[in-house]
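Written out below as structure tokens is the structure these notes cover.
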Protein chains: 2
Amino acid sequence: MKELLLLGLLLDGKKHGYQLNEYYKHTLSFCADLKKSTAYYILNKLEKDGYVVHETERQGNRPERRVYELTETGRVLFYELLRQNLADYSRTYYDDDIGIAFIDQLPMGEAKQLLKAKRDKLIGTLNQFKEVPAHEGSWRFVIEHNISHLETEVSWLERMLEELCDD
Amino acid sequence: MKELLLLGLLLDGKKHGYQLNEYYKHTLSFCADLKKSTAYYILNKLEKDGYVVHETERQGNRPERRVYELTETGRVLFYELLRQNLADYSRTYYDDDIGIAFIDQLPMGEAKQLLKAKRDKLIGTLNQFKEVPAHEGSWRFVIEHNISHLETEVSWLERMLEELCDD
DNA sequence: AACTGATTAGTCAGTAATGACTACTTTAAC
DNA sequence: GTTAAAGTAGTCATTACTGACTAATCAGTT
């Protein structure tokens, strides 16, 4: 998937590392977690397979930098991956479930305290999302998507906190 | 997190690889994706750090096998990881969002067809979950958790399918 | 002019994860 | 009795990913 993201960032013209990262931060950091070193790793791989090329440029006295550009096959790959991404579904695993599966190993009172801490962090994240200014286009759906899932998570947690009996 | 899972599987006594895998399949395969080779990888790591030990046994004419057992520090680690897991929250990234972010790159008609394919697969997964027989204890919450998120995903998709205009 | 912190660019060693593979056993079908 | 399918146990080469690091420039401050 991260390939799709990087190819997509290069769709509208060549970019160097910093531009890629800025663009990612402002528009796509909601969708995926992309570390800088991972980005270079993937760009190298894409280049080895001929999907992108780079030339080296120097601006002023700055260190050299690589300007990446999509090749034709890179553009084809982008559309292929995009179609796949839109048509496929693969289930998400939630780490939270592992803890719940073993919750009986703790006294219920303590477990509930811990879950309340989780809930508070969760609500913090949710509020951050709610403060994101409205965006144009398909962007809106991404934000709504995440908010829906966060709200689902909160209700689930609160339902559990109610139903777990203190014993 | 997979450490927590494996330590948890060993809580109620020593087990060999096959028993671990069986137990995982029947009870925890809903919570996490654990490949066999990953399990061995993690067991080796846990053993190197002294959290589990193994002895080799042979039954009949079968090939040798390792029976893993929790050490005291392993048991302590389990409870530490469990408390962490219950109290922490870290956001989930959804691959679906990456495709949505670039959906404008396709004719809307095609995009909607692709999303309908996604929805159908999604509904398939949802139905599988709904057929899971009711379970005892905290288990129920895991199932409900996943069903809630799957339903959220379906509504989101259908809302999008309605709102995306054909142009 | 010396210091500080943010910006810019990239490398590299080490960790994490897994697909593909070997090899042997048991059950049971034909 | 031989072929097939499923069960059983584990290794290994390769891929995927990341934290920590170097190194330089630039803007602002003291």
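Keep in mind it's a predicted model, so treat the numbers as computed, not measured. To find a chain, count down the sequence lines: A is the first, B the second, and so on, and within it residues start at 1.
- Within the 4.0 Å cut-off from OP1 or OP2 of D:dT18, not a single side-chain nitrogen or oxygen of A:Lys36 is found.
- Under a cut-off of 6.0 angstrom, the local environment of OH in B:Tyr93 is crowded, with over 12 non-hydrogen atoms contributed by other residues, nucleotides or ligands.
- Heavy atoms only, all atoms of each residue included: B:Leu10 and B:Tyr68 are closest at CD2-O, 3.6 Å.
- In this structure, NZ of B:Lys2 is placed 18 Å from P of C:dT15, rounded to the nearest angstrom.
- Summarising the geometry, the separation between CD1 on A:Ile42 and P on D:dT15 is reported as 14 Å, rounded to the nearest angstrom.
- Contact annotation: side chain of A:Lys35 to base of D:dG19, donor-acceptor pair absent below 3.5 Å.
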Please assess B:Phe30 against B:Val132 for the test side chain to side chain contact (heavy atoms under 4.5 Å, CB included), listing each intermediate value before the final yes or no. CA-CA 10 Å; B:Phe30 288 102; B:Val132 172; 3.6 Å; yes
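- Between B:Lys25 atom NZ and D:dA6 atom P the separation is 12 Å, expressed in whole Å.
- Of the residues near DNA chain D, A:Ser37 and A:Lys48, the one whose nearest nucleotide (by heavy atom distance) lies more toward the 5' end is A:Lys48.
- Considering only side-chain N and O atoms, A:Thr38 lies under 4.0 angstrom from the phosphate OP1 or OP2 of D:dT18.
- Distance CG (B:Asn21) to C1' (D:dA9): 11 Å, rounded to an integer number of Å.
- When the side-chain nitrogen and oxygen atoms of A:Tyr41 are compared with OP1 and OP2 of D:dC17, none of them lie within a distance under 4.0 Å.
- Once rounded to the nearest 0.5 Å, the distance linking CG of A:Leu86 with CD of B:Gln113 reads 12.0 Å.
- Taking atom CG on A:Leu20 and atom P on C:dG10, their separation rounds to 10 Å, with Å as the unit.
- Remark: P of D:dC17 and OH of B:Tyr93 are 14 Å apart, rounded to the nearest angstrom.
- Closest contact between the side chain of B:His16 and the listed nucleotides D:dT11, D:dA9, C:dG10 involves D:dA9.
- Using a 4.0 Å cut-off, no side-chain N or O of B:Arg65 falls inside it from OP1 or OP2 of C:dT25.
- Side-chain contact check for A:Leu11 versus B:Gln105: some heavy-atom pair is nearer than 4.5 Å.
- Rounded to whole Å, atom P of C:dA17 lies 11 Å from atom CG of B:Leu6.
- Of all nucleotides listed (C:dG10, D:dA9, C:dA17), D:dA9 comes nearest to the side chain of B:Tyr40.
- Distance B:Leu5 CG to C:dA17 P: 12 Å, rounded to the nearest Å.
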